[in-house]
Undergrad: 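Take this structure, written in structure tokens, and hold onto it; I'll ask about it next.
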Amino acid sequence: MPELPEVETMVRDVTPLLSGRRFESARLSHRDVLDGVTGPALVRGLTGARVVGLARRAKNAVILTDRRRLVIQPGMTGAMFVKRRLTADDARYGVLQVRLDDGRTFVYHDVRRLGTIRWLDPAGWQRFSDRIGPEPLDAAFTPEVLRAALARSRAAVKKVIMDQKHLAGVGNIYANEALFLAGIDPSKEARRVSADQAGLLHRHLVTILADAVRAHGTTIRDYRTGTGEPGNFQGELQVYDREGQPCRRCGAPLAGTHGIDARITVFCYRCQR
DNA sequence: ACGAGGTCCTGCGAGC
DNA sequence: TGCTCGCAGGACCTCG
């Protein structure tokens, strides 16, 4: 799915087109994406609301209105656009379409509908956000914070850094990449990761996420930016999607496994211990 | 507290 | 060509 860099990119792209706009009407095609709100309540709430600002929290896009927050977690295939004219694809996969007061339409597009839409009041938002760990690109995310999270867990280190309650926004791609860069075996028990390794992992998590934001994210299959373009980070990937290909550091063929949380893990036997 | 496995969905490419 | 099958960047659940 869109991970932190991809959601950040989508949010940045639609921000200038949504800020200050009023929602004139809304249409929801499938309610299976909703959490904690009914379709009619969402449509009623959105209609007439004005966008006050946009933000990202973990892998969620947050559209703050003068009523509540529209919180969209794009799942595997979610994407958001603001368009003057909708295409046939938008009509088919545009789960939520919101007409703006300038004639454009905000579309939340989601082929597989594994994404989630929430409509949260301040208390609901607080509860939601409190369940998520620190933002890796914030100053509050220090090597000590990562070390403490790892020390508490006997699960595989990869699973821990992908767990949103420990760390916000890291998904399968960037977890694989950061572990490779830090030279850590993804299946290593988290609490057995040394302080030095945790420090390295912290540094690589931060730099890879920042670099990927700069590159507008990684497009392997579905992901598109808020302007419909693919991202540019896929060319920078060291291990993800490169199973069987030579390690860029030592040349050994990269290994692939589904052993951790049934998610594809790619790593180098030689470089990651 | 952990791993394993299943659930929600649809599209796509591989392989027969 | 046309079919079935497995797989996909997430999050949540239950069970043992």
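To find a chain, count down the sequence lines: A is the first, B the second, and so on, and within it residues start at 1.
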Undergrad: Would you say the side chain of A/Arg112 and the base of B/dC9 hold a donor-acceptor pair, judged only by whether the two atoms sit under 3.5 Å apart?
TA: yes
Undergrad: How many Å lie between CZ on A/Arg152 and C1' on B/dA1, as a whole number?
TA: 13 Å
Undergrad: Starting at CZ of A/Arg221 and ending at P of B/dC12, how long is that distance when rounded to a whole Å?
TA: 12 Å
Undergrad: Could you measure the distance from the OG atom of A/Ser129 to the CD atom of A/Glu135? Nearest 0.5 Å is fine.
TA: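 A/Ser129 atom OG to A/Glu135 atom CD measures 8.0 Å (nearest 0.5 Å).
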Undergrad: With a cut-off of less than 4.0 Å, is there a side-chain N or O of A/Arg92 near OP1 or OP2 of B/dG11?
TA: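 Checking B/dG11 against A/Arg92, a side-chain N or O does come within under 4.0 Å of OP1 or OP2.
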Undergrad: What integer distance in Å separates A/Leu34:CG from C/dC12:C1'?
TA: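 From A/Leu34 CG to C/dC12 C1': 17 Å.
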Undergrad: Looking only at side-chain N and O atoms, does A/Lys159 come under 4.0 Å of OP1 or OP2 in B/dC2?
TA: no
Undergrad: Could you state the atom-to-atom distance from CG of A/Asp241 to P of B/dC12 in whole Å?
TA: 17 Å
Undergrad: Strictly below 4.0 Å: does A/Thr77 bring a side-chain N or O up to OP1 or OP2 of B/dT10?
TA: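 No, because none of the side-chain N or O atoms of A/Thr77 sits under 4.0 Å from OP1 or OP2 of B/dT10.
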Undergrad: Using whole Å, what does the distance between atom C1' of nucleotide B/dT7 and atom CG of A/Asp35 come to?
TA: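 Taking atom C1' of B/dT7 as the reference, CG of A/Asp35 is at 15 Å.
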Undergrad: Roughly how many Å is it from OH in A/Tyr93 to C1' in B/dT10, rounded to a whole number?
TA: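 Going from OH in A/Tyr93 over to C1' in B/dT10 covers 7 Å.
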Undergrad: For A/Thr218 and A/Tyr174, which I'm curious about, is there any donor-acceptor pair between the side chains at under 3.5 Å?
TA: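 Yes, a side-chain donor-acceptor pair sits under 3.5 Å.
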Undergrad: Would you mind reading off the distance between A/Leu114 atom CG and C/dA8 atom P, rounded to a whole angstrom?
TA: 14 Å
Undergrad: A/Ile132 has an atom CD1; how far is it from atom C1' of C/dA11, in whole Å?
TA: 11 Å
Undergrad: Considering only the P atoms, how many Å lie between B/dC9 and C/dC3, rounded to the nearest integer?
TA: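 Taking atom P in both B/dC9 and C/dC3, they lie 25 Å apart.
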